[in-house]
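Here the structure comes first, spelled out in structure tokens, and everything after it is commentary.
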Protein chains: 2
Amino acid sequence: MGMPRKRITIEDVARAAGVHASTVSRALNPQRQALVTGAVAARVAAAARRLGYRPDPVAAGLRTRRSSTIGVLVPDIANPLFPPILRGIEAALGDAGYTAIIANTDNDPQRASDALERLAARRADGIILATASRRDSLLERCRKLGLPVVLVNRSIDGGSVSAVVTDDEAGAALAVRHLALLGHRAIGHVAGPRRLSTGAQRRRGFVAALRAIGAGTQPPPIAEAETYEIEAGARAAAALLATNPGITAIVAANDLLALGCYDEAKRLGLACPRDISITGFNDMPFADRFDPPLTTVRIPHRAMGAEAARLLLAEIENPRSPKRAIELQPELVVRGSTARPRAGPPPAR
Amino acid sequence: MGMPRKRITIEDVARAAGVHASTVSRALNPQRQALVTGAVAARVAAAARRLGYRPDPVAAGLRTRRSSTIGVLVPDIANPLFPPILRGIEAALGDAGYTAIIANTDNDPQRASDALERLAARRADGIILATASRRDSLLERCRKLGLPVVLVNRSIDGGSVSAVVTDDEAGAALAVRHLALLGHRAIGHVAGPRRLSTGAQRRRGFVAALRAIGAGTQPPPIAEAETYEIEAGARAAAALLATNPGITAIVAANDLLALGCYDEAKRLGLACPRDISITGFNDMPFADRFDPPLTTVRIPHRAMGAEAARLLLAEIENPRSPKRAIELQPELVVRGSTARPRAGPPPAR
DNA sequence: GGCGCTTCTGCAATCGTTTGCATAGAATAG
DNA sequence: CTATTCTATGCAAACGATTGCAGAAGCGCC
């Protein structure tokens with residue numbers, strides 16, 4: 001009781017059960033249980049439990065080159081969009097006996113690349129990428145490492161890898177149509193970064209929908225934010241409003257950008273939704289708490305994460321299984337940031 | 001180029017450099033560089049770099065029983081309070097060559113315990129607990145496992161383990177004094193769970209401060225929420241207001257509970273801050289975006305995380321170093337959820 | 001009763017490092 | 001110039017599992 005007891009190894013269990021270590025290994029591995037007699041299996045299990053044996057995953061991993069571990073790369077853990085996705089991933093992974101290792105990249109490709117190397121070195125069995133840009137060198141790296149990957153939320157150009165994303169075009173269209181129905185015609189877009197699939201697709205959906213309601217212009221009223229951050233959204237909104245003064249509504253490419261639009265509107269003395277309507281995208285947690293509560297496009301965060309995890313697990317099982325791209329349907333949730341446009345022109349400054 | 005190249009081991013480097021593997025190991029380890037001639041060290045380094053050698057942490061870990069990995073247990077990753085803490089942890093850890101492994105426990109002791117076992121099995125070098133209850137069995141378990149621990153945000157009774165927390169009593173007092181200064185006397189408290197140090201300490205600070213401003217009553221107007229969640233806050237607020245109808249201000253034990261108070265106030269037809277003032281605690285991200293913007297007690301999230309990481313690293317270095325309890329000072333941030341109490345009585349329903 | 005088949009278990013190599021110990025040669029002392 | 005101490009390296013044994021291979025029973029079958 002005094003000594004810090006030595007770790008109990010498979011060898012100890014073998015001795016206690018009167019069998020060889022290799023037999024213990026087989027008896028304790030559900031995959032290979034069939035190879036040993038029922039009686040022996042029971043004896044081993046009993047001994048293991050009696051001694052409190054806990055298999056050592058790092059020793060096992062050294063031999064098997066597997067770790068029951070999945071790396072998850074997230075661009076920004078502080079963005080409330082991601083926790084629900086992680087929850088979904090963890091749930092699906094846990095069911096299968098895997099553990100997620102979350103790595104935060106802070107939108108920094110270098111950090112992302114470092115994290116990937118670390119995960120690979122620790123023998124992650126697969127990677128879920130929430131950080132992908134449309135042409136992402138990380139994927140090439142994963143291929144080289146023979147590391148299964150699936151993308152979540154953001155996709156890449158050319159479907160050479162499995163992904164589960166939202167139908168971003170449809171989502172943007174939902175927002176545009178909602179605004180059109182309210183009576184808006186002069187609708188602008190604060191776009192996300194073009195190098196991200198979400199930025200590109202939502203923009204595309206916006207343009208198409210605007211044309212569809214017969215309000216398309218050349219060029220369309222769009223300003224692109226450099227990042228998905230509040231400040232970038234404010235800057236883009238400023239640019240958009242400067243070049244398109246008549247605008248009565250803004251479709252923002254995500255909720256954080258929408259928040260930036262709020263800020264810029266306030267700065268200009270425009271009340272939302274009275275003077276200007278604003279929509280977001282993602283329905284991130286707390287979007288309903290903003291002032292005004294944000295009308296936004298909801299995506300099934302949790303399901304997205306879970307689905308991605310399942311896809312990855314399937315690919316780990318069978319590395320030559322075909323790549324799949326799953327597109328989940330978004331849904332509009334109307335709150336307080338959108339309203340009919342004012343009858344008259346916006347107040348003169 | 002075609003074959004999936006085999007992993008490059010220390011043995012390969014040894015051959016290339018014309019030395020023994022053990023020499024390579026020494027040459028590549030900064031701690032033991034001194035044991036090796038400068039010339040050899042250079043030769044080895046060159047060979048390693050030329051071959052693109054990446055040491056295998058799992059093999060090394062098997063031998064050394066260390067992993068350069070720290071487990072972080074978080075009660076709820078979806079609570080925006082935690083991401084900034086994690087950021088701080090990751091920053092401090094990264095500087096020292098360690099990696100954080102984040103585990104989400106969903107406030108479930110069972111999941112927490114499972115996560116701890118997994119982390120221990122994977123040879124985490126230490127644990128940062130953001131989940132601690134005042135009497136937490138996880139700590140006993142860590143002690144048994146010989147696993148260094150430090151607590152962050154929440155502490156335990158009796159200082160047998162290092163911790164970095166906020167001065168919660170002072171924080172609560174800040175809120176009370178602010179309200180008193182505005183003219184409130186009938187101030188209630190929506191407390192956090194008593195089994196958590198934050199719940200207990202903030203309550204304690206509330207009671208003391210209330211007495212200090214000469215508004216103490218017996219019993220003090222307090223309702224305890226079972227968890228730190230919005231709904232629990234709403235329920236507690238309902239209970240508080242039911243038993244203490246005269247209340248003009250609520251000090252909530254955290255921001256989520258404050259949000260619950262918002263909800264309950266609205267349900268009762270009370271406008272915040274006109275009819276009732278509400279304060280939060282934590283100044284979580286987006287607290288400034290709520291409707292109304294939340295007056296709250298700011299705690300230095302990031303610094304807290306960083307400090308905890310440094311403490312842990314120190315304890316890993318020297319396991320017999322004395323336990324330290326660091327208390328960071330909070331700061332009041334006044335926003336729109338507090339105002340002078342109305343002259344007359346609150347509207348009759 | 002001998003033969004071939006299964007079925008179960010043991011043997012030993014392996015995964016990629018680290019490190020205590022031994023040793024060869026160099027450096028220093030006497 | 002010998003005796004002694006260092007220093008730099010090599011050797012080989014861990015760390016704790018998994019698994020291909022081989023051998024020993026056990027079995028049925030002719």
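Per chain, numbering begins at 1; letters A, B, ... match sequence-line order.
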Over how many whole Å does the gap from [X] atom [atom1] to [N] atom [atom2] extend?
| X | N | atom1 | atom2 | result |
| --- | --- | --- | --- | --- |
| Arg7(A) | dA14(D) | CZ | P | 18 Å |
| Arg32(A) | dT9(C) | CZ | P | 16 Å |
| Arg122(B) | dA17(D) | CZ | P | 13 Å |
| Ile8(A) | dA17(D) | CD1 | P | 10 Å |
| Leu62(A) | dT19(D) | CG | P | 12 Å |
| Arg66(A) | dC15(C) | CZ | C1' | 13 Å |
| Arg63(B) | dA12(D) | CZ | P | 16 Å |
| Leu35(A) | dG20(D) | CG | P | 10 Å |

ask   = So do Val150(B) and Leu129(B) actually touch side chain to side chain, heavy atoms under 4.5 Å?
value =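 Side-chain contact under 4.5 Å: no.
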task = May I ask you to test the Ile10(A)-Pro55(A) pair for a side-chain heavy-atom distance under 4.5 Å?
result =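 Counting from C-beta outward, Ile10(A) and Pro55(A) never come under 4.5 Å.
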Thr37(B) vs Arg123(B), nearer the 5' end of DNA chain D by closest nucleotide =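 With Thr37(B) and Arg123(B) compared, the 5'-side residue is Thr37(B).
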key: Shortest non-hydrogen separation from Asn153(A) to Ser197(A) and the atoms involved   = O-OG, 4.5 Å
Presence of salt bridge, [Y] and [X], under 4.0 angstrom:
| X | Y | result |
| --- | --- | --- |
| Asp106(B) | Arg87(A) | yes |
| Asp125(A) | Arg66(A) | no |
| Arg154(A) | Asp136(A) | no |

ask   = With Tyr228(B), which of Thr198(B), Asn107(B), Asp76(B) fulfils side chain to side chain contact (heavy atoms under 4.5 Å, CB included)?
value =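 For Tyr228(B), the side chain to side chain contact (heavy atoms under 4.5 Å, CB included) check succeeds only for Thr198(B).
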ask   = Distance only, no hydrogens: is a donor on one side chain within 3.5 Å (strictly under) of an acceptor on the other, for Arg26(A) and Ser22(A)?
value =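 Their side chains do contain a donor-acceptor pair, which is all the 3.5 Å distance test asks for.
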ask   = Going by number, which of residues 10-30 of chain B have a non-hydrogen atom under 4.0 Å from DNA chain C?
value = Ile10(B), Ser22(B), Ser25(B), Arg26(B)
task = Can you figure out which of dT19(C), dT17(C), dT19(D) approaches the side chain of Thr9(B) most closely?
result =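 Looking only at side-chain atoms, Thr9(B) lies closest to dT17(C).
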message = For DNA chain D, which residues of residues 39-60 of chain B approach it to below 4.0 angstrom with any heavy atom?
response =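 Those residues are Val40(B).
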query = Which residues satisfy the side-chain hydrogen bond (donor to acceptor under 3.5 Å, both in side chains) test with Ser162(A), sequence neighbours excluded?
reply =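 By the side-chain hydrogen bond (donor to acceptor under 3.5 Å, both in side chains) rule, Ser162(A) matches Glu315(A).
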